[in-house]
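Following: one structure in structure tokens, then a few remarks.
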Amino acid sequence: MKDSGVEWIGEIPEGWEVTKIKYIFSVIGGYAYNSDTFIQGTLNQVLRIGNVKNWRLSLDANPVYIS
């Protein structure tokens with residue numbers, strides 16, 4: 001483990017780095033996805049407000065994906 005350099009994050013695994021979400025996600029705002037477009041078997045996860053809890057990102061919280 002190593003210090004993240006961010007007080008509220010604390011320590012992170014040695015091979016990790018801290019970066020802004022905007023550098024690792026495509027942000028598409030302004031509308032909600034129709035649940036009919038959700039599929040399995042892709043890497044394109046939809047990040048929803050339900051994935052943010054207690055100031056932390058939880059990608060395992062009821063994940064949904066699009067093509």
Side-chain angles (χ1 to χ4, degrees):
M1 300 294 281
K2 68 178 182 178
D3 182 26
S4 68
V6 180
E7 183 179 338
W8 61 270
I9 294 177
E11 290 190 333
I12 59 176
E14 189 69 37
W16 288 16
E17 63 183 76
V18 175
T19 189
K20 293 183 178 186
I21 288 178
K22 70 180 185 178
Y23 296 130
I24 57 174
F25 290 99
S26 296
V27 177
I28 303 171
Y31 63 94
Y33 282 101
N34 182 337
S35 61
D36 293 340
T37 63
F38 296 157
I39 62 172
Q40 292 295 324
T42 179
L43 296 177
N44 300 317
Q45 184 173 355
V46 178
L47 179 61
R48 302 178 296 171
I49 194 66
N51 296 110
V52 180
K53 297 180 183 191
N54 299 322
W55 295 99
R56 299 195 184 273
L57 182 61
S58 174
L59 297 178
D60 296 331
N62 195 18
V64 294
Y65 302 87
I66 58 170
S67 62

### Contacts of type side chain to side chain contact (heavy atoms under 4.5 Å, CB included), residue Lys53, not counting sequence neighbours
Ala61
#### Entry: Counterpart residues, side chain to side chain contact (heavy atoms under 4.5 Å, CB included), relative to Val46 (two or more places apart)
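Result, side chain to side chain contact (heavy atoms under 4.5 Å, CB included) vs Val46: Tyr33, Phe38, Arg48, Val64, Ile66.
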#### Entry: With Thr19 via side chain to side chain donor-acceptor pair (under 3.5 Å) - residues at least two apart
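Listed in chain order: nothing, the list is empty.
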### Query
Which residues satisfy the side chain to side chain donor-acceptor pair (under 3.5 Å) test with Asn44, sequence neighbours excluded?
Thr42
### Query
Going from CG on Asp60 to CG on Leu57, what distance comes out if it is rounded to the nearest 0.5 angstrom?
9.5 Å
Quick one: side chains of residues 3-17, donor-acceptor pairs under 3.5 Å with protein atoms, not counting sequence neighbours, listed by atom name and distance.
residue	atom	partner	partner atom	Å
Asp3	OD1	Gly5	N	3.4
Ser4	OG	Val6	N	3.1
Ser4	OG	Val6	O	3.1
Ser4	OG	Gly10	O	2.7

### Task
Could you state whether Tyr65 and Leu59 fall into the same hydrophobic cluster, counting links through intermediate Ile, Leu, Val, Met, Phe, Trp or Tyr residues with side-chain heavy atoms under 4.5 angstrom apart?
no
